[in-house]
Structure formats: structure tokens, C-alpha cells
Amino acid sequence: MSKPSLPQGTRDFSASIVRKRNYIFQTVRSVMESYGFQPLETPAMENLDTLMGKYGEEGDKLIFKILNNGLDNPAKQDQAKFEFDKILAGKNTKGLTERALRYDLTIPFARYVAMNHAQLTMPFKRYQIQPVWRADRPQKGRYREFYQCDADVVGSYSLLNEVELANLYAEVFKQLGVDVTIKMNNRKILAALAEICGGADKLVNITVAIDKLDKIGLEKVKEELSERGLDANQINTIETYLLIDGSNEEKISSLKKLIGENETGNKGIKELEWVLNYHQHNFVSTHLQADFTLARGLNYYTGIIFEVKANNAQMGSIGGGGRYDDLTGTFDVPNIPGVGISFGVDRIYDVMEELQLFPAEVQTGTKVLFFNLGDAESRAAYSLVQLLRNKGIAAELFHENSKFDKQFKYADKKQIPYAVIIGSKELLENTVVIKNLLTGDQQSLTNSELLSFAF
RNA sequence: GAGGGCAUAGCUCAGUAGGUUAGAGCGACAGUUUGUGGCACUGUAGGUCGUGGGUUCGAGACCCAUUGUUCUCCCCA
């Protein structure tokens with residue numbers, strides 16, 4: 001047996017990391033619950049049909065497929081070889097694989113809504129926190145298994161959803177202590193820009209190029225636009241658009257001049273203004289920023305789009321989302337609109353680690369360690385341990401009758417704040433010695449005093 | 001899909017121009033010290049140098065291949 005190892009792009013999480021990650025999950029979960037979102041969990045695997053073709057050609061390649069069982073059955077080997085040849089010819093894969101690991105949470109959610117829409121109370125608000133898998137080449141901050149954390153509302157066209165989702169973002173990051181900017185734009189505004197630049201068919205080219213602005217800079221974006229077939233005049237218009245700056249109000253008024261009478265564009269501006277103004281007098285408004293350079297790569301967005309950036313950290317977006325019109329159309333259930341957001345848990349973790357935002361309490365494990373000084377002594381200790389555990393205090397009895405030295409070291413390593421010592425003398429008197437391992441102070445307590453001790 | 005870097009003890013890494021018996025720190029274990037820890041000191045264990053070939057009198061080091069890992073680009077979270 002060779003050295004055990006981990007599949008590429010996966011990670012083990014040790015205790016302190018799990019605790020910190022759970023702290024993020026719990027915060028997100030409790031805020032989502034307080035906004036009326038309900039939990040949903042879907043299977044790790046979906047039918048391959050459900051996933052294929054939903055993420056574009058590149059995405060299809062990154063779906064982890066699960067090999068069918070029974071392919072090694074001698075009676076079926078000819079069939080298996082025949083199916084394999086079909087795959088080599090680029091044809092269907094049913095004979096060898098018909099299931100795959102979930103690639104994101106959105107399509108499984110759409111599948112769920114399509115299957116259950118008749119029973120669901122609309123608008124339906126769900127959140128989902130589960131791992132997803134991608135056969136991507138791992139690199140910094142990118143893994144083959146990672147968690148997504150999504151909240152979506154389907155069956156409602158109301159902009160109040162966007163208002164609440166912006167609020168939800170602000171609330172979660174306030175609770176986590178991360179100072180953020182919530183950037184907002186509207187796909188309708190980008191669509192208007194495309195129309196002004198000569199045609200709606202240019203929309204995808206324009207959004208893909210603009211999406212890279214942060215990364216590659218204005219000049220490179222212009223080059224890319226040129227490569228994608230836009231002429232100098234059109235690029236000039238886009239540049240004017242990208243250079244719009246100032247406060248939210250100033251930006252919108254500049255944009256209105258540029259957009260002019262374009263109907264889609266004005267609708268988009270109106271929606272954006274409405275959501276921004278809704279938050280005028282609360283803590284959310286200081287975080288909201290109209291940003292017309294925000295594009296987002298995914299093409300299914302049709303209305304307002306979001307992206308969250310941490311203000312004090314070098315890090316890409318730590319959250320994103322937007323409105324899409326026809327989530328379940330691909331499953332033949334038309335006319336269910338939706339809007340959703342997502343939290344980038346791994347990146348949020350990195351930001352919080354960098355800025356040291358995890359509270360110390362996150363790490364507390366065992367509160368008290370009972371020393372083991374022999375069979376009779378440890379029996380007395382064990383019954384006290386159980387009583388403390390029943391009171392919700394994390395307690396342990398050291399399992400070996402080892403030297404003091406060793407038991408102390410165990411407590412140190414696990415950062416256990418209290419030690420309780422029951423020796424022959426204490427055993428006779430029904431008392432314990434409790435020692436604060438940080439200060440070194442110790443005192444003698446009766447057993448009943450120990451049970452009401454403030455740990 | 002394309003292109004780089006790295007691979008030596010449980011962990012982090014040294015290892016000069018190829019030359020005897022491959023080192024350090026941390027960690028583990030034991031002792032100083034069997035009812036009071038963290039420190040200190042002393043000692044012990046732990047390596048077929050990722051794998052397979054090749055060059056050489058001689059390879060941890062050089063060459064080729066292979067596997068793993070990591071990073072960049074594409075794409076994405």
C-alpha cells in the first residue's frame with residue numbers, strides 16, 4: 001500500500017477550520033431563516049441529462065460523471081465495449097454513465113422547482129448550503145469540491161425581492177464583521193448599451209469583455225472588444241459608459257444622458273433607482289453602489305445583478321447573483337421568474353482569516369478535563385463528567401492513568417481552560433480540586449459546588 | 001485544453017562544483033520530576049532522498065520518462 005493521499009483539488013478540514021467555517025454557515029443560515037427562506041437539500045448526484053447542456057460547452061466538460069455499475073459483468077462486456085466506442089465517436093454516454101455529481105446548486109434547484117411547482121407556495125424562497133464538484137484544474141482558491149451557499153426566490157417579479165436580497169447581504173456581512181461594497185447593475189442597462197452600439201446580438205460579446213475590466217484593465221477590454229468585432233465608434237461609446245463615475249445619483253444621471261430614449265435602458269435604470277432608493281435611510285444604503293461596469297459572466301441574468309466585494313482585502317468578489325426570467329424553462333415549465341444570490345464561502349473564510357475577524361469563542365471545545373488518578377478516583381470523576389455534560393458543559397475524563405505531566409499537556413494542546421483533580425483525599429471527602437489552567441489558580445470545591453461552577 | 005515550478009524524517013526545510021556513514025528546527029517518545037503543567041536540559045526513535053530507467057569509478061544532486069503536487073492562462077466560485 002502506497003502512502004494515502006487526497007484526490008486532486010479536495011481538502012480535509014481540521015477542527016479549528018471546521019469551527020470557523022461553521023461559524024460562517026451558521027451566520028448565513030440564521031439570517032436567511034430570519035428572512036423567511038427555507039432550507040433545501042438535493043442529492044449529491046443528479047441524472048446526467050439534468051445537468052448536461054446547462055453550463056455551456058466548457059461547463060459540460062467539467063461535470064464529474066459517475067460510471068455505471070455492472071460494466072464488468074462478463075455477459076455485458078460486448079455491450080460495454082460497444083458503448084465505449086460510441087463515446088469515442090463523441091456520441092451519447094448513457095450506456096456507461098447516466099449520473100453525475102452536482103455542478104452547482106442552481107440547476108438542481110430548477111429541477112426541483114420544475115418537479116414540484118404545482119405544490120410549492122409561490123413565491124418560493126429557498127436557501128441551500130451544500131458542496132458541489134467540478135472537474136476543473138485546481139489552482140489558488142479553486143477546488144474540485146467546494147461549498148456553495150445560495151438563496152433564491154422564484155415565482156415573483158417584485159423588486160422587493162432585490163431589495164431584501166441586498167439587505168440580506170448587508171446583514172450577513174455586518175454580523176460577520178466584514179466591511180463590504182454591494183455593487184449593483186442591471187442587465188437591461190447592458191442590453192441598452194448593446195442596442196446603442198449597433199445590435200442586441202452584441203450583448204454577450206460586450207458583457208464578456210466588460211466582465212474582465214477589473215482583471216485586465218480598460219485598454220485590454222477595448223482590445224478584446226475590437227477582436228470581438230466592434231468598431232472604433234462603438235468602442236468609444238462603451239468607453240464613455242465604463243468611465244461613468246461619482247456618487248450613485250451622479251452616475252445614474254450621466255447614464256441617463258448616454259442611454260437617451262432607449263426603452264429597455266430606461267426601464268433598467270428605473271428598477272435600479274427603485275432598489276437603491278428603497279434603502280435610503282438604513283445601514284444598507286452606505287454599502288450599496290451602482291456600478292455599470294459590473295457585468296457577470298453568466299448569461300442567464302436578465303435584470304438586476306449583484307456582486308459583493310470586501311473593502312479591506314485583496315480578493316475578488318465574495319458573493320454574487322441576480323435576476324433571471326426563465327429558470328425552469330429548460331425543464332419545460334415556463335414562466336417562473338426568479339432572483340437569487342450566492343455566498344463564496346471559501347473566499348469569505350480567507351478574507352476573515354486575513355482580517356482576523358473570527359471571534360475567539362468560535363474555537364472553544366472542551367471546557368474541563370478531569371484527571372485520571374486511578375480506578376476508584378476516575379469512577380467518581382466519570383459520574384461528575386456525565387452530570388456536567390448533561391448541563392451542556394463539554395467535559396472529558398482523561399482515559400489513561402498517566403503522569404500529571406502528560407494529562408496537563410493534553411489539556412494544553414486542546415486548549416482546555418479548566419482541570420479537575422480528584423485524588424484519594426478528594427475521593428474520601430467528596431470534593432474536587434479545580435484549577436484554572438490559564439491563571440494557575442486552584443481551589444477546592446464540593447461535588448455539588450462543582451456542578452454549579454461558572455465555567 | 002496550454003504552459004511553468006516543486007517532490008529529501010510525521011511537519012517545515014538545508015544539503016555547496018556529482019565524492020566516505022544524508023543534516024537542522026519543530027513535533028513524537030523517554031528521563032531529570034509517580035499530586036501540579038506550559039519552560040529548560042539530556043537522550044531515543046524516525047529516511048530504500050516520489051517511482052522507473054540512463055550517464056558516471058561514484059548520483060539526493062546531471063539526463064530521460066512517469067506519477068503526484070502546486071501555480072499561471074482559458075474558464076469559473
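First the proteins, then the strands, lettered A, B, ... as listed; each starts at 1. Quantities reported herein were computed from a predicted structural model and do not represent experimental measurements.
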| said: Taking donor-acceptor contacts at under 3.5 Å, does the side chain of A:Asp405 reach the base of B:G37? | reply: no

| task | Kindly indicate whether the side chain of A:Glu426 and the base of B:G35 share any N or O donor-acceptor pair separated by less than 3.5 Å? | result | yes

| field | Under-3.5 Å donor-acceptor pair between A:Lys403 side chain and B:U34 base | value | no

| Is A:Ser342 touching bases, backbone alone, or none of the nucleic acid, heavy atoms closer than 4.0 Å? | nothing

| query | Looking only at atom P, what distance separates B:C11 and B:C49, rounded to whole Å? | reply | 16 Å

| When rounded to the nearest Å, what value does the distance between P atoms of B:G50 and B:U8 take? | 6 Å

| task | State whether the aromatic ring of A:Phe404 stacks on the base of B:G37, taking stacking to mean ring centres under 5.5 Å apart and ring planes under 30° to each other. | result | no

| said: I'd like the P distance from B:G27 over to B:U42, given in whole Å. | reply: 15 Å

| Rounded distance in Å between the C1' positions of B:G15 and B:G23 | 7 Å

| When you measure from the side chain of A:Lys140, which nucleotide among B:A30, B:G35, B:C71 comes out closest? | B:C71

| query | Is the ring centre of A:Tyr410 less than 6.0 Å from the ring centre of A:Phe398? | reply | yes

| message | Check the phosphate of B:G68 against A:Gln8, side-chain N and O only, distance under 4.0 Å to OP1 or OP2. Yes or no? | response | no

| said: Does the plane of the ring in A:Tyr349 sit parallel, tilted or perpendicular to the ring in A:Phe358? Use 30° and 60° as the thresholds. | reply: tilted

| Contact class for A:Gly141 vs. all strands (heavy atom < 4.0 Å): base, sugar-phosphate, or nothing? | base

| Base, sugar-phosphate, or nothing: which does A:Leu62 touch, judged by heavy atoms less than 4.0 Å apart? | nothing

| task | Quick one: label A:Gly423 by what it contacts on the DNA or RNA (base, sugar-phosphate, nothing), any heavy atom closer than 4.0 Å. | result | base

| Could a donor-acceptor pair under 3.5 angstrom be found where the side chain of A:Arg142 meets the base of B:C75? | yes

| said: With rounding to the closest Å, how many angstrom separate the P atoms on B:U12 and B:U70? | reply: 12 Å

| message | Students often mix this up, so state it plainly: with edges at 30° and 60°, are the rings of A:Phe371 and A:Phe408 parallel, tilted or perpendicular? | response | perpendicular

| task | Quick one: label A:Gly59 by what it contacts on the DNA or RNA (base, sugar-phosphate, nothing), any heavy atom closer than 4.0 Å. | result | nothing

| note | Of B:G35, B:G37, B:C75, the nucleotide closest to the side chain of A:Val433 is B:G35

| Which part of the nucleic acid, if any, lies within contact of A:Ile421, taking any heavy atom under 4.0 Å across all strands shown: a base, the sugar-phosphate backbone alone, or nothing? | base

| task | With heavy atoms under 4.0 Å as the rule, sort A:Arg134 into base, sugar-phosphate or nothing. | result | base

| What heavy-atom pair brings A:Phe283 and A:Lys174 nearest, and what distance separates the two atoms? | CE1-CD, 3.6 Å

| task | Look at the rings of A:Tyr418 and A:Phe453 and say which category their plane angle falls in: under 30° parallel, 30 to 60° tilted, over 60° perpendicular. | result | perpendicular

| Rounding to the closest angstrom, what is the interatomic distance between B:U55 and B:A9 at atom P? | 28 Å

| message | If the cut-off is 4.0 Å, is A:Lys413 near the phosphate of B:A28, judged by side-chain N/O to OP1 or OP2? | response | yes

| task | Quote, to the nearest angstrom, the P distance that separates B:G38 from B:C29. | result | 14 Å

| said: Taking 4.0 Å as the cut-off, does a side-chain nitrogen or oxygen of A:Lys61 come that near to OP1 or OP2 on B:C75? | reply: no

| task | Answer yes or no: does a side-chain N or O of A:Gln148 lie under 4.0 Å from OP1 or OP2 of B:A77? | result | no

| said: Does A:Ile416 reach a base, just sugar-phosphate, or nothing at all? Heavy atoms under 4.0 Å. | reply: nothing

| field | Sub-6.0 Å ring centroid separation between A:Phe370 and A:Tyr382 | value | no

| task | Assign A:Tyr143 to base, sugar-phosphate, or nothing according to its heavy-atom contacts below 4.0 angstrom with the strands shown. | result | base

| said: Say we look at B:G31 and B:G37: how far apart would their P atoms be, to the nearest angstrom? | reply: 15 Å

| field | Check: B:U36 base within 3.5 Å donor-acceptor of A:Gln407 side chain | value | no

| query | According to the interplanar angle, ranging from 0 to 90°, do the rings of A:Tyr324 and A:Tyr300 count as parallel (below 30°), tilted (30 to 60°) or perpendicular (above 60°)? | reply | perpendicular

| Does A:Lys212 make a side-chain N or O approach to OP1 or OP2 of B:C74 shorter than 4.0 Å? | no

